[in-house]
Protein chains: 2
Amino acid sequence: MKDVAARAGVGLKTVSRVVNEEAGVTPDTVARVQAAIEALGFRRNDSARLLRTRRTSSIGLVLEDLADPFYAPLSRAVEDVARAHGALLFTGSSAEDPRREQELVLAFCARRVDGLIVVPASDDHRYLSPEIEAGVATVFVDRPAGRLDADVVLTDNAGGVRDGVAHLIAHGHRRIGFIGDQPGIHTAAERLRGYREAMAAANLPVSNAWYAMGPTTPERVRASIDAMLSGPEPVTALLAGNNRVTVTAVRVLSGLTRPVALVGFDDFELADLLSPPVTVVAQDAPGLGRTAAQLLFRRLDGMASDAPTRTELPARLIPRGSGEIPPAS
Amino acid sequence: MKDVAARAGVGLKTVSRVVNEEAGVTPDTVARVQAAIEALGFRRNDSARLLRTRRTSSIGLVLEDLADPFYAPLSRAVEDVARAHGALLFTGSSAEDPRREQELVLAFCARRVDGLIVVPASDDHRYLSPEIEAGVATVFVDRPAGRLDADVVLTDNAGGVRDGVAHLIAHGHRRIGFIGDQPGIHTAAERLRGYREAMAAANLPVSNAWYAMGPTTPERVRASIDAMLSGPEPVTALLAGNNRVTVTAVRVLSGLTRPVALVGFDDFELADLLSPPVTVVAQDAPGLGRTAAQLLFRRLDGMASDAPTRTELPARLIPRGSGEIPPAS
DNA sequence: CCTGATCCTGACAACGTTGTCCATGTCTTG
DNA sequence: CAAGACATGGACAACGTTGTCAGGATCAGG
């Protein structure tokens with residue numbers, strides 16, 4: 001910038017003014033400066049600029065896995081909102097590891113992002129308090145923050161599962177299985193709650209053998225399904241607690257001769273082309289991202305100190321067939 | 001940092017030393033400084049640090065769409081490599097719009113990222129020359145740079161399609177259709193080339209009605225397929241030029257009574273569970289990302305000035321059944 | 001021709017770090 | 001005990017930008 005000033009024969013500040021398109025510079029001078037900028041291939045150093053202005057125009061997004069088909073559209077929605085507000089996006093995957101989440105969050109804070117959107121992997125976010133007090137707007141999405149009062153945008157997980165289970169009950173099922181993610185994960189616990197509530201609402205007992213929580217590896221899911229289908233009171237229908245469980249469930253069930261009804265949580269591409277087409281409870285992944293990002297920017301634009309809010313987006317049952325299979329007699 | 005120094009009763013530089021874990025500070029002093037840091041909730045401002053050191057430890061990734069099932073794993077792979085090198089990742093989607101690509105790239109450069117990984121949306125990257133000369137390592141991935149000699153990591157698109165078409169020919173097909181993306185997109189052009197080459201290698205003529213290039217909207221793809229199947233010389237097999245085309249093709253073909261063989265480009269989840277299971281030519285998306293990122297960091301770690309390289313990763317045919325459907329007589 | 005208002009422009013400090021260099025104090029060695 | 005080596009700490013400038021403020025033209029009105 002110094003070089004540009006020298007070449008254009010003007011002061012440093014005048015160059016700054018031109019670069020920022022501030023008013024109050026003679027067109028003639030502007031032209032001279034522009035020419036110098038062009039000639040020298042000058043590009044403003046935003047790092048320095050942001051050091052001075054104390055706004056980085058960037059936000060950090062921490063989620064579980066950028067490559068997960070559920071989170072990818074969420075990120076994209078966040079990105080779109082960020083772009084509309086002229087902000088760039090740092091992304092990072094926590095891989096469900098609390099330490100990695102914290103590392104990422106703190107690294108983003110050290111870069112002085114204006115705000116954070118976090119899909120929590122840990123259940124204790126008190127480490128974030130100093131940052132939030134220091135002015136980093138923070139919105140949690142998909143799962144609430146642990147031990148911290150902060151904005152959160154969620155799907156109505158329990159409600160979604162209730163609808164799914166009610167759908168199965170409506171088609172005659174009484175022994176319904178639920179296969180969820182690790183019980184420590186908030187969404188997994190909520191979905192289990194929805195399952196219990198729906199069963200209770202229909203006055204159906206729930207055997208301990210009918211629900212299983214744990215890692216969503218194909219092996220574990222397969223084992224859980226096998227167990228549920230082979231016990232003394234085998235289930236006639238399954239509710240798969242998330243997209244990865246659903247995929248494995250579809251695979252396992254397709255290998256059986258006995259038909260088993262299935263409702264999956266989270267929609268997925270081509271679900272309608274499988275046989276039978278897979279009924280799902282769909283979350284609005286882009287909606288979660290968009291809502292969270294919009295809230296974040298509203299915080300940045302002034303409503304910084306209002307009380308934290310909690311937004312819940314509905315889940316939507318999409319009947320396609322696999323939930324309408326009648327119970328095997 | 002000033003505050004920390006004051007509270008610990010040491011000089012500014014000593015705090016800096018402690019924060020950076022530099023040698024030459026008494027353990028006693030270190031403890032005092034640590035305590036002050038703790039008490040004040042101090043966190044080093046990386047923006048300032050990086051202004052001084054001229055390394056931002058961050059890289060920028062520009063791709064077409066973060067939410068695309070092909071690019072999501074690619075980003076994740078890039079992220080993993082970046083993390084291993086202690087760098088953070090800026091991401092941005094160009095939405096196939098050259099202007100947006102340029103905006104993102106230049107915004108990243110203004111932030112002084114150490115390096116860039118770009119999936120080109122434009123065919124002219126000369127705007128990047130000054131940046132590259134200024135020291136921004138740049139690797140193009142999935143498609144080569146336009147009018148710029150730079151590192152690039154590609155899939156062997158033509159080879160992959162050749163294998164796919166050969167597979168169809170081996171199963172008796174003679175009239176094979178190809179549905180590709182916009183012809184201006186390098187990968188689309190390469191795949192078309194592979195199609196032509198494979199047909200030529202088998203001494204098969206190619207009718208103009210057998211290949212169609214254009215946007216990958218369901219409407220356009222559907223129309224193209226309809227046309228290919230209804231002309232005077234209807235095709236008996238289709239090669240879908242990318243994942244979105246495949247999805248629509250599966251959908252369209254499943255609605256037909258006449259069986260049509262299909263090979264898709266890009267693998268997708270549950271392809272094996274459709275009926276018939278979908279044969280694909282799979283790209284190694286994580287491999288592309290990993291290779292590009294590793295190359296980028298090798299550039300950053302010294303091999304800055306070596307000649308640009310071109311790496312081509314093989315595509316792999318995964319026969320699942322849909323490619324083995326014999327031609328309808 | 002003078003005065004004050006208006007408009008441009010540039011000098012300077014500051015943002016929060018780190019690199020350089022020097023001062024001080026302590027230890028080792030002849 | 002003197003002198004050099006070494007360990008430790010701090011002052012200062014610099015990174016590249018912007019905010020503040022004051023100085024100098026220019027212009028209109030009296």
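Values below: every heavy atom of this structure, side chains too, minus hydrogens, waters and symmetry copies. Below, chain A is the first sequence line, B the second, and so on; all start at residue 1.
- Phosphate contact (OP1/OP2 of dG16(D), side-chain N/O of Arg54(B), threshold under 4.0 Å): present.
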Working for salt bridge (Lys or Arg N to Asp or Glu O under 4.0 Å), residues Arg126(A) and Asp124(A): CA-CA 6 Å; Arg126(A) 282 174 298 178; Asp124(A) 186 351; 2.6 Å; yes
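- Proximity note for Thr53(A) (side chain, C-beta onward) versus dG19(D), dG16(D), dT17(D): the nearest is dG19(D).
- The interatomic distance linking Met1(B) (CE) with dC15(C) (C1') rounds to 13 Å, in whole Å.
- Heavy-atom distances to DNA chain D give each of Ala48(B) and Thr14(B) a nearest nucleotide, and the one nearer the 5′ end belongs to Thr14(B).
- Side-chain contact check for Thr155(A) versus Asp284(A): every heavy-atom pair is 4.5 Å or farther apart.
- For the pair Leu50(B) CG and dT18(C) C1', the computed distance is 11 Å after rounding to whole Å.
- Contact annotation for Val10(A): backbone-only contact, meaning every heavy-atom pair under 4.0 Å involves sugar-phosphate atoms and none involves a base.
- When rounded to the nearest whole Å, the span between CZ of Arg55(A) and P of dG19(D) equals 13 Å.
- At a threshold of 4.0 Å, the pair Glu96(B)-Arg143(B) counts as salt-bridged, since one of the basic side-chain nitrogens sits closer than that to a carboxylate oxygen.
- Taking a 6.0 Å sphere around CG of Asp123(A), one finds it holds 12 or fewer heavy atoms contributed by other residues, nucleotides or ligands.
- If you take CZ of Arg52(A) and P of dG16(C), they are 10 Å apart, rounded to a whole angstrom.
- Residues from residues 20-33 of chain B lying near DNA chain D, meaning a heavy-atom separation below 4.0 Å, are Gly24(B), Val25(B), Thr26(B), Thr29(B) in numerical order.
- For the side chain to side chain contact (heavy atoms under 4.5 Å, CB included) with Leu116(A), the qualifying choice from Val139(A), Ile59(A), Leu61(A), Leu128(A) is Leu128(A), the only one to do so.
- In this structure, Arg49(A) places its CZ atom 17 Å from P of dG16(C), rounding to the nearest Å.
- Counting only N and O atoms by type, the side chains of Thr91(A) and Thr91(B) include a donor and acceptor under 3.5 Å apart.
- The distance between atom NZ of Lys13(B) and atom P of dT20(C), rounded to the nearest whole Å, is 9 Å.
- Atom OH of Tyr127(A) and atom CG of Leu148(A) lie 9.5 Å apart (nearest 0.5 Å).
- The separation between Arg17(A) atom CZ and dT9(C) atom P is 8 Å, rounded to whole Å.
- Applying side chain to side chain contact (heavy atoms under 4.5 Å, CB included) to Val119(B) and the options Val141(B), Thr187(B), Asp65(B) leaves one that passes, Val141(B).
- Aromatic ring orientation, Phe140(A) versus His125(A): perpendicular (interplanar angle above 60°, classes split at 30° and 60°).
- Rounded to an integer number of Å, the gap from CG of Leu51(A) to P of dA13(C) is 17 Å.
- In the region residues 34-46 of chain A, proximity to DNA chain D at under 4.0 angstrom, judged on heavy atoms, holds for Phe42(A), Arg43(A), Arg44(A), Asn45(A).
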